[in-house]
Amino acid sequence: MPELPEVEVVRRGLEPVIPGATVTRVEVLDARSLKRHRGPVEDFCDQLQGSVLEMPLRRGKFLWVPLAGTPAALVCHLGMSGQVLLGEENSDFGTQLRIRLELETRDGSPIVVGFVDQRIFGSMAIDDLAPVGDGHPAGWGSADTRIPRSVAHIARDPLDTAFDGEAFSRRLRAKNTEIKRALLDQTLISGIGNIYADEALWATRLHYRAPTARLTPSKVRELVDAVQQVLTKALLEGGTSFDQQYVNVNGQSGYFSHSLNAYGRAGSSCPRCHRIMVREPWMNRSSHRCPGCQRTPRSR
DNA sequence: AGCGAGCCCTGCGCGC
DNA sequence: TGCGCGCAGGGCTCGC
């Protein structure tokens, strides 16, 4: 479940059960899901085993859970197809289960966390926590001002209370690149992926190749507003799911796919101007736009 | 600095 | 039925 709303849905699902829980057993079924863990599999297991978990935090698409009384956290990225599922001792998480954690919650009940990942682009890791530079909470979820080393380069996301829209605008307009590239640059603004980039660009009538240097401050403000709106709405609807691949911690799909205006709508008419929308190859992926209201920018 | 390509992977739906 | 192809919501590294 890759973009910000989907990851936040997962974080919220973990919120009621994770804080205060003790890890009683760690099972790594596929070591490839630890590719970002610096160290051997045993080291990951040993560090987690017996740890008490704190409130999960999220910045952009990264999720982490500080380990109580230590300067370390369990870091999780879902990649393209990762899921974090809650279950019981006898729950069947299927053949794509990569990591299994048995916990005892703070009220003493047993619970199992399954990390399921079809494509194994996602990962779990134990990583060191270091203070963020600005003194604000490091992410969404708790007041903790420490961030995992491997997440420190990720910019604050547009739903973060410490997100600085003016600073983003300045950095964006100073760049010599195209707007969709910039929206997907997680070191500039985080949490946005292919779906919500296409949605925000449609909402503001911008072509994905529009040069960032030509955007006015007010256009950037409009774009940031659109991004915040689409992420917030998607979150309220439980995220975007096209299939069983993208689900919350209970395996349920979100409803936002019904609200998409651009992504996946090639061949359908634009909800605004009724021209037929197109899908175009872009950066080994796809971009969706309306040829009527998102005109090709003049060449530089 | 920015960009394109390639890589990490599995599985689905499609056309032949 | 089977095969090959293109496709999929991410991120990182490399060489130019």
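Below, chain A is the first sequence line, B the second, and so on; all start at residue 1. Bear in mind the structure is a predicted one, so any value in this text is a computation, not a measurement.
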| OP1, OP2 of B:dC3 versus side-chain N and O of A:Thr177: anything below 4.0 Å? | yes
| A:Asn176, nearest nucleotide to its side chain (from C:dG11, C:dC7, B:dG2) | B:dG2
| said: Quick check on side chain to side chain donor-acceptor pair (under 3.5 Å): which of A:Gln294, A:Arg289, A:Glu280, A:Glu178 does A:Tyr208 satisfy it with? | reply: A:Glu280
| query | For DNA chain C, what is the dot-bracket line, given that a base pair needs Watson-Crick (N1 to N3, plus N6-O4 or O6-N4) or G-U wobble (N1-O2 and O6-N3) geometry with both distances under 3.5 Å, and | means paired with another strand? | reply | .|||||||.|||||||
| message | It should be established whether A:Tyr263 places a side-chain nitrogen or oxygen under 4.0 Å from OP1 or OP2 of nucleotide C:dG9. | response | yes
| query | Can you tell if the side chain of A:Pro66 reaches within under 4.5 Å of the side chain of A:Leu57, non-hydrogen atoms only? | reply | yes
| For the pair made of CD in A:Glu6 and P in C:dA8, what is the distance, rounded to whole Å? | 16 Å
| task | Inspect the contact between A:Asp198 and A:Lys180 and indicate whether a charged nitrogen and a carboxylate oxygen are less than 4.0 angstrom apart. | result | yes
| task | May I have the distance from A:Asp157 (atom CG) to C:dG11 (atom P), rounded to whole angstrom? | result | 12 Å
| Cation over ring, A:Arg12 on A:Trp140, under 6.0 Å and within 45°? | yes
| cation_pi(A:Arg209, A:Trp282) dist<6.0 Å, angle<=45 | no
| task | Find the distance A:Arg285:CZ to C:dG10:P and express it as a whole number of Å. | result | 6 Å
| What integer distance in Å separates A:Ile192:CD1 from C:dG11:P? | 11 Å
| message | I need the CE-P distance between A:Met283 and B:dC3, as an integer number of Å. | response | 9 Å
| said: I need the CE-P distance between A:Met80 and C:dC7, as an integer number of Å. | reply: 13 Å
| request: Return yes if a side-chain donor-acceptor contact under 3.5 Å exists between A:Glu237 and A:Ser259, otherwise no. | output: yes
| task | Compute whether any side-chain donor of one residue and acceptor of the other, for A:His288 and A:Asn194, lie under 3.5 angstrom apart. | result | no
| request: Please state how far atom NZ in A:Lys175 lies from atom C1' in B:dA1, giving the value in whole angstrom units. | output: 7 Å
| message | Under 4.0 Å, heavy atoms only, any strand: does A:Phe242 hit a base, just the sugar-phosphate, or nothing? | response | base
| OP1 or OP2 of C:dC12 less than 4.0 angstrom from a side-chain nitrogen or oxygen of A:His153, does that happen here? | yes
| message | Just to verify, what does A:Tyr255 make a ring pair (Phe, Tyr, Trp, His ring centres under 6.0 Å) with, not counting sequence neighbours? | response | none
| query | Which nucleotides of nucleotides 8-15 of chain B have their base under 4.0 Å from a protein heavy atom (B), which only their sugar-phosphate (S), and which neither (-), written as one string 5' to 3'? | reply | BBBS----
| Do A:Phe242 and A:Phe256 have ring centres separated by under 6.0 Å? | no
| Rounding to a whole Å, what distance do you find between A:Arg181:CZ and C:dG11:P? | 15 Å
| Has A:His77 got a side-chain N or O lying under 4.0 Å from the OP1 or OP2 atom of C:dG10? | no
